[in-house]
Amino acid sequence: MEIEDLDQFMADPELAQLLEQAKISDDIFDVVKLRENQHSDMLAWCLNPNEGHSQGDAVVKDFLVAAWEESANAAYANRRFFEVWRPAKIRTTSFGSAFLTRELGVHIDGEGTKGRLDLFLVDPLNKIVVTIENKAGRKLSEDQLKDYWDAVRRQVMARPAFKDYEFAFVFIDRELDEHTDRTKAGSKWVVLDYSWLKASADRARQHVARSNQSAQLMMAYCQRQTDDWQSDDERKLVDTAASLAARHERVVTRLKHLRRTRITSWTPTLMAGPDGDLLRFFHQNEHACDSLVEGSGIAAVAVKLKRKRPELAAHHIDVFRRWLALGSDMSDELMKEDAKPEWPVYISIRRESPEESDEPRFQVRLIWTRSAFAPHLDEDEIRSCLEGDFPELAKRKARNVRRIKIGGVTGAGTAVDKALEASDRLELLLRACPAAQGI
């Protein structure tokens with residue numbers, strides 16, 4: 001980065017716009033970045049039907065239904081639990097007596113080694129106990145999870161007070177996707193990501209719209225954990241950051257490295273030059289600078305997409321912090337009319353490597369959402385038209401959302417090429433499909 005690069009960046013009128021947009025937020029989670037224990041505290045609050053979030057036991061039901069959907073290969077206690085607790089029973093049962101306990105201490109071996117399990121959901125009327133181990137930035141091995149399962153079996157399940165209870169074991173991983181090897185958690189745990197919180201976020205948003213402000217915190221937390229949500233203010237911030245990052249690539253690249261520099265390593269020489277100016281700017285405007293860095297990878301993809309396909313309609317590229325959606329004319333035609341419409345099928349590009357990585361990696365995927373198809377269309381017939389090219393669609397048909405891996409690539413240009421190839425193929429298949437034409 002040369003001084004001229006920094007001057008052009010600092011003089012860019014859109015930078016002043018970004019700095020103001022970064023200050024606009026009524027979301028506490030724009031300010032507070034939660035650690036693992038704090039995520040568990042928030043989950044305990046969300047799942048407690050007697051807390052002041054105004055959702056009662058609805059979040060418990062969302063959670064149990066999501067766990068049931070992932071229980072096809074369940075074994076041991078989970079198999080017994082989910083044979084009894086199926087969606088119909090879950091949705092028609094009251095869990096008003098349920099409560100949560102946090103970080104229950106257990107002995108995990110015969111040598112006195114102690115461990116702490118994140119959450120226990122206990123309902124004394126329905127006689128159920130769900131052990132929840134929450135991973136947020138922490139690695140857990142199959143052996144650790146087996147030790148935890150054994151500890152609960154010996155120290156909780158074996159107690160006379162729980163003689164008639166059904167037990168379930170659920171492992172939650174915020175970074176999980178459809179292609180994560182879930183067998184690493186072993187056969188004794190059902191594995192979930194955080195996407196089941198989307199229903200809770202949608203429900204809380206409706207409460208807030210009805211002036212029920214007690215649902216504000218629930219809405220803010222749950223929607224923050226889902227990958228496909230951003231507020232209007234955040235969308236404007238992301239768009240501005242992406243535009244700036246694309247124009248001032250050398251400055252943003254330098255910012256990626258400098259923001260890791262601790263003040264204890266500052267020197268007079270460093271602070272007297274352009275790097276010093278950029279460092280001071282970063283510490284004075286950290287939220288805005290983080291947006292620039294986060295958006296730089298996806299911004300590069302969006303810019304290359306527009307250059308490669310200048311005829312692409314602007315609304316067919318929807319940019320988020322770490323990913324973008326690539327729509328098409330057929331994506332529009334298949335879409336259900338709604339207050340907040342979404343494409344039922346499209347291609348996505350998601351950045352997988354950290355922002356600081358010099359060689360960004362991207363994952364190209366086909367996204368399929370059953371509930372987003374227009375009601376007059378036969379979603380199953382449309383699916384069958386695509387299964388030849390996307391065979392993974394033939395599996396797990398009961399799921400509302402499928403994220404089908406097309407391929408992982410290195411570099412924004414390669415990601416664009418792969419995504420456009422997949423999008424073109426998808427468009428041809430849909431145009432050739434009678435069911436997609438409503439026939």
Is there a side-chain contact between [X] and [Y], using heavy atoms and a 4.5 Å cut-off?
X	Y	answer
F171	V190	no
S348	W323	yes
Y346	M330	no
F81	S71	no
I132	L47	yes
W68	R86	yes
D290	R259	yes
D332	H316	yes

How close do [X] and [Y] get, heavy atom to heavy atom, and via which atoms?
X	Y	result
G413	K304	N-CD, 3.7 Å
G407	K418	CA-CE, 3.7 Å
P375	K336	CD-CG, 4.1 Å
V293	K256	CG1-CG, 3.8 Å
L192	A66	CD2-O, 3.4 Å
E70	V191	CG-O, 3.7 Å

With a sphere of 6.0 Å drawn around [atom1] of [X], does it hold more than 12 non-hydrogen atoms of other residues, nucleotides or ligands?
X	atom1	value
K61	NZ	yes
K395	NZ	no
E69	CD	yes
R91	CZ	yes

F63 ring center near W85 ring center (under 6.0 Å)
no
Under the rule for side-chain hydrogen bond (donor to acceptor under 3.5 Å, both in side chains), what residues qualify as partners of S97, not counting sequence neighbours?
D123
Run L18 and L292 through side chain to side chain contact (heavy atoms under 4.5 Å, CB included) and show every step you take.
CA-CA 9 Å; L18 177 77; L292 280 169; 3.8 Å; yes
Has [X] got a side-chain atom pairing as donor or acceptor with [Y]'s backbone, closer than 3.5 angstrom?
X	Y	answer
N48	A44	no
D57	V60	no
N126	S94	yes
R365	I349	no
S243	T240	no

Looking at [X] and [Y], does any basic side-chain N land under 4.0 Å from a carboxylate oxygen?
X	Y	result
R309	D424	yes
R247	E14	yes
R203	D62	yes
K397	D380	no
R425	E421	no

What residues, two or more places apart in sequence or in another chain, satisfy side chain to side chain contact (heavy atoms under 4.5 Å, CB included) together with A374?
H376, L377
By side chain to side chain contact (heavy atoms under 4.5 Å, CB included) - contacts of V129 (at least two apart)
F120, V122, F162, Y165, F167
With I347 as partner, the option from I367, L324, I406, L420 fulfilling side-chain contact (heavy atoms from CB on, under 4.5 Å) is I406
Could you pull out all residues at least two apart from [X] that satisfy ring pair (Phe, Tyr, Trp, His ring centres under 6.0 Å)?
X	result
F82	none
F373	W368
F169	W149, W189

As an exercise, state the distance from [atom1] of [X] to [atom2] of [Y], rounded to the nearest 0.5 Å.
X	Y	atom1	atom2	value
T414	R361	OG1	CZ	10.0 Å
L279	Q284	CG	CD	10.5 Å
L326	S423	CG	OG	4.0 Å
L119	I172	CG	CD1	7.0 Å
F95	I90	CZ	CD1	6.0 Å
L145	K188	CG	NZ	11.0 Å

Derivation and outcome, side chain to side chain contact (heavy atoms under 4.5 Å, CB included), residues L430 and L386
CA-CA 8 Å; L430 290 172; L386 305 185; 4.1 Å; yes
Determine, step by step, whether L278 and L255 satisfy the side chain to side chain contact (heavy atoms under 4.5 Å, CB included) criterion, reporting the C-alpha distance in whole Å, the side-chain angles of both residues, the deciding distance to 0.1 Å, and the verdict.
CA-CA 7 Å; L278 189 55; L255 183 60; 4.1 Å; yes
Mind running side chain to side chain donor-acceptor pair (under 3.5 Å) on N400 and S371 for me, showing each step along the way?
CA-CA 6 Å; N400 183 46; S371 60; 3.2 Å; yes
Worked check of side chain to side chain donor-acceptor pair (under 3.5 Å) between S331 and S328
CA-CA 5 Å; S331 298; S328 66; 3.1 Å; yes
Test side chain to side chain contact (heavy atoms under 4.5 Å, CB included) on T131 and V170; report intermediate values, then the result.
CA-CA 6 Å; T131 302; V170 181; over 6 Å; no
